[in-house]
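Working notes, structure below.
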Amino acid sequence: MCGIVGYIGKKNALQIILDGLQRLEYRGYDSAGVSIINDNKELITYKKKGKVSELAENIDINLFAGSVGIGHTRWATHGVPNDVNAHPQFDMDEKIALVHNGIIENYKTLKTMLQNEGYVFRSDTDTEVLTNLINYHYKSKKDLETAVRFALNEVDGTYGIACISSFEPDKIIAARKGSPLMLGIGIEEIIIGSDASAIINHTKNVIYLEDGEMCVLTKHGFQLKTIKDEDIFREIEEIEFDLQEIEKSGYDHFMLKEICEQPETIQNTYRGRINFETGVVKLGGLESIKDKIVNAKRIIITACGTSWHAGLIGEYLIEQMCRIPVEVDYASEFRYRDPVINEGDIMVVISQSGETADTLAALREAKKKGAVTVGLVNVVGSTIAREVDAGTYIHAGPEIGVASSKAFTSQVMSLILLALMIAGEKKTLSDDELKRIANDLKTLPEKIKKCVEAKDDYKFIADELKSASNFLYLGRGLNFPVALEGALKLKEISYIHAEGYPAAEMKHGPIALIDENMPVVIIAPKDKTYDKIISNIEEVKARKGKILAIASEEDNNINDYADFVIRVPKTFNLFAPIINNIPLQFLAYYIATARGCNVDQPRNLAKSVTVE
Ligand code: M6R
C-alpha cells in the first residue's frame, strides 16, 4: 500500500530511487513521483499518474542530478489518481516535499486550521496537509527536524514518511507509525524503503523503524529518535533473502514464478521442523508458549483475504487433529464486534506481509483483551511478526505478485505443522498416525512438482473457459476453503466474477445461476464425500452447466461426469488443500493472461493493505 524510497549518499539518487520504486510497485501503482535536491540545492519534483515505468521514461535525468531524494508509488486513498494527487506532495511554498504511506485521519481539522492561517491547497490528499503543517512549524522553529516532530505529534492516523526540504538540503527525515519503513545502511549511503526489496541490491544491513520513531539522515550517518525526542539505539539486522529471489528469473510474471516455486517453498516451510522418523514437530519460535498453545481452551484464527482462507483450513485441521475448538474471524470484523476473549484463548494471526492494517488491529485488540497471540507470517521483521507473543515464519520467500500463491500453500503447511505439534503433545494422534503423516509429507514436494509440470494441460482448459463471465467453485470439508481461494484468485487477476461455496450449499441458492454459460469448478477427491460430490455434479449437468473437476489420479469414474478433468496425485487428506490449490492458481493465471490482464498488478489492488 504505497511504496516509499529515499536515498542520501554520494551517488546519483534518481536511478536508485527509480529502481527501488520499480521493486516496490506491487504496493501500489496508480501514480508515481520523485523529488530530488539538485546540485544547486534546489528542490525539484516530477510526478505522474501511471506506472513507475512511465515516470522513468518521461523524466529528464539531466535535470534531476543530485544525491538526496525521495520517491513514491501510490495506491490512492484520498483523492483520485492524477498528477496533482501523486506524491511527493509539497507545502504551499514548495520548499518541503514529502512522500507518505498511510492515512492522516484528522486531516480535515488540520486543513481548516491551516486554511485559517492563509495556507492554500492544490491536491485532495491528506498528505499535503502534513507538508503544510511542517511548513507552519518551520516558520517558528527554523529547524526541519523540530518542525516534522511538532507536526507528527499533531496528526492522528498512520504514516510512513520521508521528507526533504530546500530549507535544509542535506538531510532526509523519515518517520513511521503504523506503516512500515526501514533503512538500508550502506557505506557512505543510506537507502530508505517501505520494505527490503528497495534496499537489497545496495546493502543487506538494515534498521527497522518502530512505531512512533523518526530518523534524521545525513551523508555522514543517521540519528534515531522517538517523535517525543528521546534518543534510541537499535542494532543493525541482516536481510535474509537474496536479490534473485525478488527477480522474475525468466518467467513472464512474478505470479507464475511464485506458483512454480512451490515444490521448494513448501519444503522451506517444514525443513528442520519435523522429525521424519517420529512425526514429532518442533516449532522453535513457539517453544516459549508451547504449553499455553497445547492447553488452549479455544483457538481464534484471524486474517484477511487469502490468509483467511488458509485460516479456515486451519480450523478443520486443528479441530480434527487436536480436538480444540477453533473460530476463524475476518480480522476486519474482529475488533468491531467486542469479541469475547477468555483465559486460555490463543489467537493465531496469519499474514503474508505482516503489515495488513486490519489484521494488526485485530491482533492488538486480542492482546488488549488478554489473549496469547501467535503469528504465522512470511515477511521477516514485519510489524505483526514483532508484535505477537510468539511466532513461526512460513518461509515462503518474498512474494511479489499481488495475488498470493506460494504464501497460501506455506500458510497451510504451517498450520499443518502447528496442528501436528499440538496433536503430538496432546496425544490426540497416535505415534503411528504421526509417523504415517510424516512419511506422506516426504512425498509432497514431488507431488506438487507433478502438478506444476502439468501446467500446459491447465493452460488448455483455461483457453476453453476464458470467455465465461461467471464461475462457481465448489468443494467440501478441507476443500471448501480451497474453492473460496480458487474463486478469489480468478476474481482478482482476471476480473471474472467467481464465487466459492461448500458443494452442498449450491442447492440452497447458487444453483439458480447455473446455465450453459456457467463453468463450475468442483474439487472431487476420492474420499468419504465422493458420492455426494458426484450428485452435486449431476445437479449441475442437469442444468447444462460445464464441469471442471479436480480429481484424484486413481479416479476412473470422473470422466463420465465432467467436461474437463484435472488429475492430481493422491495424497493424505490433510495435504489435499495444498495439492488441489495448485491447478486453481494456474487456471486463474492462464485465464487472466489469455484475457490480457496484468496479473502481477491487478487493477485497484495492492500487495500489502496498510489502511483499515
Ligand atoms: O499480507 P496478508 O496476508 O495479511 O494479506 C491479506 C490479504 O490482503 C491478501 O491475502 C489478499 O487477499 C491477496 N490479494 C490475495 O491474493
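Both counts, for ligands and for their atoms, begin at 1 and track the order of listing. Throughout, numbering of the chain's residues begins at 1 and tracks the sequence. In this text, all values refer to a predicted model and were calculated from it rather than measured experimentally.
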Looking only at protein heavy atoms, which one is nearest to [atom], and how far off is it?
| atom | value |
| --- | --- |
| atom 8 (O) of ligand 1 | Val609 CG2, 4.1 Å |
| atom 15 (C) of ligand 1 | Thr306 OG1, 3.0 Å |
| atom 7 (C) of ligand 1 | Cys304 O, 3.7 Å |
| atom 14 (N) of ligand 1 | Glu492 OE1, 2.8 Å |

Practice task
Return yes or no for this condition: an N or O of Gln352 is under 3.5 Å from an N or O of ligand 1.
Solution key: yes
Practice task
Please confirm whether Thr359 comes within less than 3.5 Å of ligand 1 when only nitrogen or oxygen atoms on both sides are compared.
Solution key: no
Practice task
Tell me which part of Val402 gets within contact of ligand 1: side chain, backbone, both or neither, using heavy atoms under 4.0 Å.
Solution key: backbone
Exercise for the section: Assess the side chains of Asp329 and Thr302: does a donor N or O sit below 3.5 Å from an acceptor N or O? Expected result: no
Exercise for the section: Assess the side chains of Gln411 and Ser307: does a donor N or O sit below 3.5 Å from an acceptor N or O? Expected result: yes
Problem - Whether His87 side chain and His100 backbone form a donor-acceptor pair below 3.5 Å - result: yes
Handout entry: Exam field: side chain Lys177 to backbone Gly157, donor-acceptor pair closer than 3.5 Å
Key = yes
Problem - Option set Leu488, Thr356, Ile493, Ile350, criterion heavy-atom distance to atom 4 (O) of ligand 1, minimum - result: Thr356
Problem - ligand 1 contacted by Glu355 (non-hydrogen, < 4.0 Å) - result: no
Practice task
Please identify which atoms of ligand 1 are closer than 4.0 Å to at least one heavy atom of Ser353.
Solution key: 1 (O), 2 (P), 4 (O)
Completion exercise
For Ser307, the atoms of ligand 1 under 4.0 Å from one of its heavy atoms are 2 (P), 3 (O), 10 (O)
Handout entry: Within the 6.0 Å centroid threshold, strictly below: Trp308 and Tyr330
Key = yes
Exercise for the section: Kindly confirm or rule out a cation-pi arrangement of Arg603 over Tyr495, judged by NZ or CZ under 6.0 Å from the six-membered ring centre and within 45° of its axis? Expected result: yes
Exercise for the section: Find out whether Ser404 and Glu399 are in side-chain contact, i.e. whether some heavy atom of one side chain is under 4.5 Å from a heavy atom of the other. Expected result: yes
Exercise for the section: Please report the shortest heavy-atom distance between Val281 and Leu417, naming the atom on each side. Expected result: CG1-O, 3.5 Å
